[in-house]
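See structure below.
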Amino acid sequence: MTSSAPHGTYDFVIAANRLPVDQQVQPDGSTAWKTSPGGLVTAMESVMKGREAAWVGWAGVAGEAPEPFDDDTLRLHPVPLSTEEHNEYYEGFSNDTLWPLYHDVIVPPTFHRTWWAAYRRVNERFAEAVCEVAAEGATVWIHDYQLQLVPAMVRDRRPDLRIGWFDHIPFPPVELFAQLPWRAQILRGLLGADFLGFQRADDARNFARSCRAVLGATAKGEKVEWTGSDDGRIGAAPRTVRAAAVPISIDASGFRELADSPAVRERAQAIRASLGDPEVVLLGVDRLDYTKGIRHRLRAIGELLEEGSIAPPQVTFVQVATPSRERVEAYRMLREQIEGTVGRINGDFSHLGDTAVHYLHQSYGREEMAALFQVADVMLVTPLRDGMNLVAKEYVTARHDGKGALVLSEFTGAAEEMRNHVYLCNPHDITGLKETILRAINDSPEEKERRMKALRRRVRTHDVQAWASAFLSALASAPERPTRKEIR
Ligand code: ADQ
């Protein structure tokens, strides 16, 4: 503990792997800033609007970090990553160890000690940056699986801070989590926080069970008590921490307004016309990630085409697959498989002018996304495992006409809130998935409107602002830290 650690001036500090904007090097060598991709930034953007705060994160380009700068009321404080650290901490430990481990081991996680060393080193750097900008007694909100050691590292340096952490992805059952060679260090890192927020109550319970099984901590309800250890390793002090579900959402009113704009409505009509005005448009929108169940979805679509249950030009399927983590081997393989499958399906079932599957491996602006959602008569959100899935919430919000139908996997966090009114599916069950898709196509318009109405109400009342307030009030009232004497 270094009570002499320098203090900053910000009462509210965000730490996330990425800054909300990415630095991009242009072909002429100059640099420009662009909104960085992904669910976390989409969610936090509207929460942070107008708030005075510092945001600590990587600027998206390896090498020296740009100087801290202001973007409206936000102080952006870039953390540098070398190319090697980007490979080992980010692509390696975060995306090839933790990501598959936390998503039910859909692909096998890779364990490398050098990656772990880089993860620790980079987490240390984030912790230092947080302490540099945080004022005495500030609130610090740390995000996601890339920064699980930061809570304890910050606590060690700055016991005056109130520290929260939010997990955007699932927290695995202890039977899977226990595979991680550094499981105890990760749990100790997280226990440095006052409050830990998860997408589902099951994720919070998985965390508490892991603390019990791996650390011998006491877990009762939402409280985890850790009596600490004297070995001088991360998170050694005794703590009482609350771990609970705070499901994330979207900026529902902002997205609704955007979707309702004349430009987006016109664009939706133009998209529908360019698809040949089909009777039914099926849509999938995902990062190209093995957790999203795109292969299972294509299998179901391929079989439906083969059986003649659906056929172009009456029914067409549009799959938008955002480029993602393209240097990680599992992602390269996935892309090849998906593109091969799309090619085969189109070879067998498309005709000149009538395409069975429109596949778009591109990123789009918010307007284009809203227009695409409006075109979708049936939205297919079929992940094998997903922390929440914001696309499901964006879709129902964009359908201001109350039409449309959402097929949603039971393995998403979103299904916890939406299961009663979606067309719920198990994406592993291809026969069941096909039946569910057909039901979503063929149900009566009245039934679909009834379901969409309930879904839209749910997202409207549980929006991202409600999520942020729930998280911050839970953090403000999190259990005070007991002294070592009180706990023993
Ligand atoms: P992600 O895995 O990135 O997020 P998701 O929740 O679906 O997944 O969010 C993706 C966001 O990117 C959505 O806002 C979507 O509209 C946007 N997007 C997708 N494809 C796009 C494209 N081609 N062009 C432009 N935008 C696109 C992680 C977790 C999720 C969790 C979120 C938030 O994996 O489970 O819901 O964080 O906590």
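Indexing begins at 1, ligand by ligand and atom by atom, following the structure's order.
Residue-level proximity to ligand 1 for Val320 is carried by the side chain, the only part with a heavy atom below 4.0 angstrom. At a 4.0 Å heavy-atom cut-off, ligand 1 does not touch Glu368 at all. Heavy atoms from both the backbone and the side chain of Met388 come within less than 4.0 Å of ligand 1. At a heavy-atom distance under 4.0 Å, no atom of Lys393 approaches ligand 1. No part of Thr412 comes within 4.0 Å of ligand 1, judged by heavy-atom distances.
Screening residues 245-263 for side-chain hydrogen bond (donor to acceptor under 3.5 Å, both in side chains), with sequence neighbours left out, gives Asp260-Arg265.
Ring geometry, Trp58 versus Tyr90: the interplanar angle falls from 30° to 60°, so the pair is classed tilted. Between Phe373 and Tyr395, the ring planes lie perpendicular to each other; the angle is over 60°, past the 30° to 60° tilted range.
Of the N or O atoms in His103, none lie within a sub-3.5 Å distance of an N or O in ligand 1. At least one N or O atom of Glu394 sits closer than 3.5 Å to an N or O atom of ligand 1. Annotation: Ile169 places no N or O atom under 3.5 Å from an N or O atom of ligand 1; distance criterion only. Where the criterion is an N or O separation shorter than 3.5 Å, residue side chain and backbone included, Leu390 meets it with respect to ligand 1.
Among Arg366, His143, Arg287, the residue whose heavy atom lies closest to atom 17 (C) of ligand 1 is Arg366.
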Table please: side-chain donor-acceptor pairs of residues 463-472 below 3.5 Å, with sequence neighbours left out.
{"residue": "Asp463", "atom": "OD1", "partner": "Gln465", "partner atom": "N", "Å": "3.4"}
{"residue": "Asp463", "atom": "OD1", "partner": "Ala466", "partner atom": "N", "Å": "3.0"}
{"residue": "Trp467", "atom": "NE1", "partner": "Val246", "partner atom": "O", "Å": "3.1"}
{"residue": "Ser469", "atom": "OG", "partner": "Gln465", "partner atom": "O", "Å": "2.8"}

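Classification of Asp194 and Arg155 as a salt-bridged pair holds, one side-chain N sitting under 4.0 Å from a carboxylate O.
No heavy atom of Ala43 sits closer than 4.0 Å to any atom of ligand 1. Within the structure, the closest approach of Trp99 to ligand 1 falls below 4.0 Å when heavy atoms are considered.
Applying the 4.0 Å criterion to heavy atoms of Gly387 picks out, from ligand 1, the atoms 35 (O). Within ligand 1, counting atoms from 1 as listed, the ones closer than 4.0 Å to a heavy atom of Val391 are 7 (O), 15 (C). Counting atoms of ligand 1 from 1 in the listed order, those under 4.0 Å from a heavy atom of Ser363 are 22 (C), 23 (N), 24 (N). Using a 4.0 Å cut-off to heavy atoms of Gln199, the atoms of ligand 1 that qualify are 31 (C), 38 (O). Every atom of ligand 1 is numbered from 1 in the order shown, and the set under 4.0 Å from a heavy atom of Asp386 is 30 (C), 34 (O), 35 (O). Short contacts between ligand 1 and Lys292, defined as distances under 4.0 Å to a heavy atom of the residue, involve ligand atoms 1 (P), 2 (O), 7 (O), 8 (O). Of all atoms in ligand 1, listed by their number and element, those nearer than 4.0 Å to a heavy atom of Val285 are 19 (C), 20 (N).
Taking the side chain as every heavy atom from C-beta outward, Thr355 and Phe317 never approach each other to under 4.5 Å. Residues Pro383 and Phe411 have side chains not in contact (no heavy-atom distance under 4.5 Å, counting atoms from C-beta outward). Side-chain contact between Leu275 and Val375: present, with at least one pair of heavy atoms (C-beta onward) separated by less than 4.5 Å.
At least one cation-pi condition fails for Arg121 and Trp116: the charged atom is not both under 6.0 angstrom from the six-membered ring centre and inside a 45 degree cone around its axis. Annotation: cation-pi geometry satisfied between Arg451 and Tyr423 (NZ/CZ under 6.0 angstrom from ring centroid, within 45° of ring axis).
Ring centers of Tyr145 and Tyr102: at least 6.0 Å apart, outside the cut-off.
For the residue pair Glu339/Tyr359, the side-chain donor-acceptor check at 3.5 Å is satisfied.
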